[in-house]
Protein chains: 2
Amino acid sequence: MTASGKHPGGIAFLLAQLGAHAANRFAERTADLGLAPSEVGLLRMIATQPGRSQRSLAEELGVVASRVTALVDPLERSGLVERRRSTNDRRNYELHLTDRGMQVLGRVREVAMAHEAELCEGLDERQRDELATLLRAVAEHQGLTPGVHPGYRA
Amino acid sequence: MTASGKHPGGIAFLLAQLGAHAANRFAERTADLGLAPSEVGLLRMIATQPGRSQRSLAEELGVVASRVTALVDPLERSGLVERRRSTNDRRNYELHLTDRGMQVLGRVREVAMAHEAELCEGLDERQRDELATLLRAVAEHQGLTPGVHPGYRA
DNA sequence: TATTGTTATACTCTATAACTATA
DNA sequence: TATAGTTATAGAGTATAACAATA
């Protein structure tokens, strides 16, 4: 995407600007691990709820089933995720992280902490608490689900 | 894009989440005016500095020249922007908003104000000042140029 | 020879639709 | 007949490269 609009100087613009910056920097960091941001998200979702089906991921992501196929394929090829046919209902898969997948996710967590630290560098402890509190208040008022990044969809 | 990673609960995640939300809501609003966010950005840049060349836009946006061609084409077709051959150097165009382009930009400004108001609904006056101050501090420390949205590039 | 802009082409991301296997 | 997942195909968005006009 190119320059978005939004009123410069206002809170809406600052949020969009900083949000894009944060997303870009995080993507750069995970690229060093060979992962796109969407792949990191998928690894996290599978780790949180091992055995979940592709269909359930599609629903949570608000994405079509074929998209999940395309998302899981490279993760399986690179040996981070395993597809196991469900024995109860052999139509669907149970998705699991491999040992290597869990290792990589550990490194993602380190990267995320470094990312957080970098982004907050300019603020002291008190200001960070203040900022987090205000951001959480806005997110809640806007009806955003904690921990769920909406992505950028029209 | 689908779910990005980032540590849930942290400031980096909240910024990415709220930034995506702000960008999505703004895009919805400008879509009612028939404009994509990138087109709004272009209109703003041309209004700020009438007569500027496509090349200069490409540089400021960090985008190749052919992309600007594709961006300006529909705005010219819909009669919001005018390409005038420069008389000094007939290789380049001077871009201007038409009267209708300026009208539409006026409506964009109304939309931006409504957007700002909606996003800040959950905060009182003091909290808004506080939040804006903190966000500006982070933006400055991160080396972001005021008023320039980086977009989402790898 | 260098620069502004356009056109042709290709690559990525994503959705829709048709399909297979299972229920 | 309905559901989980895959494959084939098409459309958007963006970049690269070759090109035309002008300097």
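Chain A is the first sequence line, chain B the second, and so forth, proteins listed ahead of strands; every chain is numbered from 1.
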### Message
Can you tell me which residue among B/R84, B/R83, B/R100 is in a salt bridge (Lys or Arg N to Asp or Glu O under 4.0 Å) with B/E76?
### Response
B/R83
### Task
Give one of base, sugar-phosphate or nothing for B/S53, where a contact means two heavy atoms less than 4.0 Å apart.
sugar-phosphate
### Query
Passes side chain to side chain contact (heavy atoms under 4.5 Å, CB included), B/V138 versus A/L131? Steps please.
CA-CA 10 Å; B/V138 174; A/L131 178 55; 4.2 Å; yes
### Query
Are A/R25 and A/E118 close enough for a salt bridge, meaning some N to O gap below 4.0 Å?
yes
### Query
To the side chain of A/R67, which of D/dT6, C/dA15, C/dG5 is closest?
C/dA15
### Rounded distance (Å) that lies between atom P of D/dT14 and atom CG of B/L42
12 Å
### Message
Using only modelled atom types and a 3.5 angstrom limit, is any donor from either the side chain of B/R91 or the base of C/dT3 paired with an acceptor on the other?
### Response
yes
### Message
Can you confirm whether the side chains of A/R85 and A/Y93 place a donor and an acceptor under 3.5 Å from each other?
### Response
yes
### Message
Between B/Q127 and A/A137 (side chain of the first, backbone of the second, donor and acceptor by atom type, cut-off under 3.5 Å), is there such a pair?
### Response
no
### Task
Using the closest heavy atom to pick a nucleotide of DNA chain C for each, name whichever of A/R90 or A/A70 lands nearer the 5' end.
A/A70
### Query
B/R83 side chain N/O closer than 4.0 Å to the phosphate oxygens (OP1, OP2) of C/dT6?
yes
### Task
Starting at atom CD of A/E60, determine the distance to atom P of D/dA4, rounded to an integer number of angstrom.
16 Å
### Separation of D/dA15 P from B/L71 CG (nearest whole Å)
10 Å
### Gap between atoms CZ and P, on B/R55 and C/dA2 respectively (whole Å)
14 Å
### Query
When the distance from CZ of B/R85 to C1' of D/dA21 is rounded to whole Å, what number comes out?
8 Å
### Task
In whole angstrom, give the distance that lies between atom CD of B/E39 and atom P of D/dA12.
14 Å
### Task
In whole angstrom, give the distance that lies between atom CG of B/N88 and atom P of C/dT4.
14 Å
### Message
Tell me whether the side-chain N/O atoms of A/T69 come closer than 4.0 Å to OP1 or OP2 in D/dG5.
### Response
no
#### Entry: Any donor-acceptor N or O pair under 3.5 Å, side chains A/E121, B/H141
yes
### Query
Should A/D124 and A/R126 count as an ion pair when the cut-off is N to O under 4.0 Å?
no
### Task
Work out how much the helix from C/dT1-D/dA23 to C/dA23-D/dT1 bends between its end axes, five pairs an end, to the nearest 10 degrees.
30°
### Query
Rounding to a whole Å, what distance do you find between A/L61:CG and D/dG5:P?
13 Å
### Task
Classify the side chain of A/S66 versus the base of C/dT14 as yes if they form a donor-acceptor pair under 3.5 Å and no if they do not.
no
